[in-house]
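Here's the structure we're looking at; comments come further down.
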2 protein chains.
Amino acid sequence: MTPPSEATPAGRADRSDMRPAPATGMPVVERSSARKAQLVAAARHLLETEGVEAVTIRRLGAAVGMRGPSLYKHVPDKSAIEAAVAIEGLTELSEVVRGVPATFTDVSHAYRTWALAHPHLYRLLNKHPVDRSRVPPELEDRAADPLIVATGGDRDLARAAWATINGLIELELARRFPPDTDVDAVYSAAARAFDTARAD
Amino acid sequence: MTPPSEATPAGRADRSDMRPAPATGMPVVERSSARKAQLVAAARHLLETEGVEAVTIRRLGAAVGMRGPSLYKHVPDKSAIEAAVAIEGLTELSEVVRGVPATFTDVSHAYRTWALAHPHLYRLLNKHPVDRSRVPPELEDRAADPLIVATGGDRDLARAAWATINGLIELELARRFPPDTDVDAVYSAAARAFDTARAD
DNA sequence: ACTCCTAGCTAACAGTGATAGCCGATGTCG
DNA sequence: CGACATCGGCTATCACTGTTAGCTAGGAGT
């Protein structure tokens, strides 16, 4: 499927008029990381619209107008792109809970809404250990803070709540709930559990 | 890596003395499903000892003494083997909570212990929707019952507890908890939440 | 004894990530 | 201005994946 994507049939010929302003004056890292950003964006688009097995080196290349192997001129390997996409997702996810009331109900609702809007991306986040060396350390903290507040400063309870939200979302995305499940009611039940635990 | 596994170098030659008693008198389905059971066992062993990317059609064939493509004489495709392994895991997991006290603490501990003993298998369970047509319907019920009891009959709360346990395990297996996390304490906090919610 | 089917085999295909090596264009420097 | 190095494409290729096609040895049944 998908012929070479019409991006200059063979030979490189007229590359000059399809390059989106290579900006020859920019420092090397900038030029290169512009391409990288383009790749990450394409990877994310592919992931979100067609699922994880659609994001392939060759399709990624086609999406940015090159030939697959050429990707390796910009990126060490595929996992680097995946990691970048994951970090992007993690960043957005952490921003989604900023400004919402520090309540289990509200935080879980915010997470859930985002996850249902970006299911493939969300599942990508849960696949890898999230290599803490690459992610800005304040990111996960910022995502965790509202739950810590919601649990009255109990970090263990906050982590349990985090696990619960993650578990709820994962089960819903993987369609593991029994067909008759009222997922909203399950969220409410979880909220009850964690709200009363805080009072305790 | 891994030369053809020394299972009769080339040509099929002396198959007769390596076949584990083909039992020529058995009905066809029995013979075939014996091989299938052997395959599932090999797949599980490969999965548990070397992880999911090690379970490969060719390696699976080598493990049972045949050549890869020959697997398709016994099984429609790879996913069927995966599904069978998953059902096996699900069955064991459901048996693990039989007989433990119907408490969040005990149930979650039982799940966690099993999951840590079979991490790759556990993660396999969470990957697919668990195709309910293939799994005996009483299985998931039986696994769910203790939690329903533990939550005083509140099915929604039971499902929330299930999501919590799943989430806790998944986070631990994926090493997503911050390095300083006291996982036991997180379990205790979750138990507190769900125990007090039941009283509520 | 003849036939048929089971269950193995090899060869091959399309697709995966990744590497090697070629080369045109570009920017830099003597 | 010309030599030259680097950058960023390309093709060919590799090892590997799941899967299909087609061959055939040998046991089972008539």
Side-chain angles (χ1 to χ4, degrees), chain A residues 1-5 7-36 38-39 43 46 50-62 64-82, chain B residues 1-5 7-36 38-39 43 46 52-62 64-82:
Chain A
M1 309 300 171
T2 309
S5 164
T8 308
R12 50 219 124 346
D14 56 325
R15 298 204 316 283
S16 49
D17 55 301
M18 48 165 289
R19 263 184 302 180
T24 62
M26 304 171 88
V28 181
V29 286
E30 283 304 327
R31 251 186 303 158
S32 177
S33 71
R35 268 292 200 212
K36 180 166 179 177
Q38 195 185 2
L39 274 173
L46 226 36
E50 302 190 46
V52 347
E53 74 260 12
V55 29
T56 262
I57 291 290
R58 288 163 180 81
R59 290 205 59 186
L60 226 44
V64 303
M66 54 191 189
R67 273 301 161 96
S70 302
L71 293 207
Y72 292 92
K73 287 287 158 66
H74 304 278
V75 142
D77 55 18
K78 196 192 173 188
S79 77
I81 305 178
E82 270 181 16
Chain B
M1 308 292 176
T2 311
S5 164
T8 308
R12 49 213 124 351
D14 56 326
R15 298 200 319 282
S16 48
D17 56 299
M18 47 167 292
R19 263 183 301 179
T24 62
M26 302 171 88
V28 181
V29 287
E30 284 304 326
R31 251 186 301 158
S32 177
S33 71
R35 267 294 199 212
K36 180 166 179 177
Q38 195 186 2
L39 275 173
L46 226 37
V52 343
E53 74 261 10
V55 29
T56 260
I57 292 289
R58 287 165 181 80
R59 290 204 60 186
L60 226 44
V64 304
M66 56 192 188
R67 272 301 159 100
S70 302
L71 293 208
Y72 292 90
K73 287 287 156 67
H74 304 279
V75 143
D77 56 19
K78 195 190 175 188
S79 77
I81 305 179
E82 271 180 16

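Sequence lines set the chain letters: A, B, ... in the order given, protein chains first and strands last, and positions in each chain run from 1.
Remark: the R58(A) side chain and the dG15(C) base include no donor-acceptor N/O pair separated by less than 3.5 Å. Taking only distance into account, the side chain of R35(A) never meets the base of dG8(D) through a donor-acceptor pair shorter than 3.5 Å. A donor N or O paired with an acceptor N or O is found under 3.5 Å between the base of dG9(D) and the side-chain atoms of K73(A).
Backbone-only engagement by V55(B) is indicated by non-hydrogen atom pairs under 4.0 Å involving sugar-phosphate atoms exclusively.
OP1 or OP2 of dT11(D) sits under 4.0 Å from a side-chain N or O of R67(A). Dashed line: the shortest gap from a side-chain N or O of T56(A) to OP1 or OP2 of dT16(C) is under 4.0 Å. H74(A) has a side-chain polar atom (N or O) that falls below the 4.0 Å cut-off from OP1 or OP2 of dG9(D).
Residue-to-nucleotide proximity on DNA chain C shows that, of P69(B) and A54(A), the 5′-proximal contact is made by P69(B). Mapping P76(A) and G68(B) onto DNA chain C via the closest heavy atom, the residue that lands nearer the 5' end is G68(B).
One interatomic measurement links the two molecules: CD of E53(A) to P of dT16(C), which rounds to 11 Å at whole-angstrom precision. Whole-Å rounding puts the Y72(B) OH to dA21(D) C1' distance at 14 Å. Between the CG atom of L71(A) and the P atom of dT16(C) there is a distance of 13 Å, given to the nearest Å. What separates CG of D77(A) from C1' of dC16(D) is a distance of 17 Å, to the nearest Å. One atom, CD of E82(A), and another, C1' of dG17(C), lie 11 Å apart when rounded to the nearest Å.
Atom CZ of R58(A) is separated from atom CZ of R67(A) by 11.0 Å, given to the nearest 0.5 angstrom. Expressed to the nearest 0.5 Å, how far CD of E82(A) lies from CG of D77(A) amounts to 9.0 Å.
Nearest nucleotide to the side chain of I57(A), out of dG9(D), dG17(C), dA12(D): dG17(C).
A pairwise comparison of heavy atoms in L71(B) and G61(B) identifies CD2-CA, 3.8 Å as the closest pair. Across M66(A) and H74(A), no two heavy atoms sit closer than the pair CE-CD2, 3.6 Å.
Every side chain to side chain contact (heavy atoms under 4.5 Å, CB included) that L46(B) has, sequence neighbours left out, goes to E50(B), V55(B), R59(B), L60(B).
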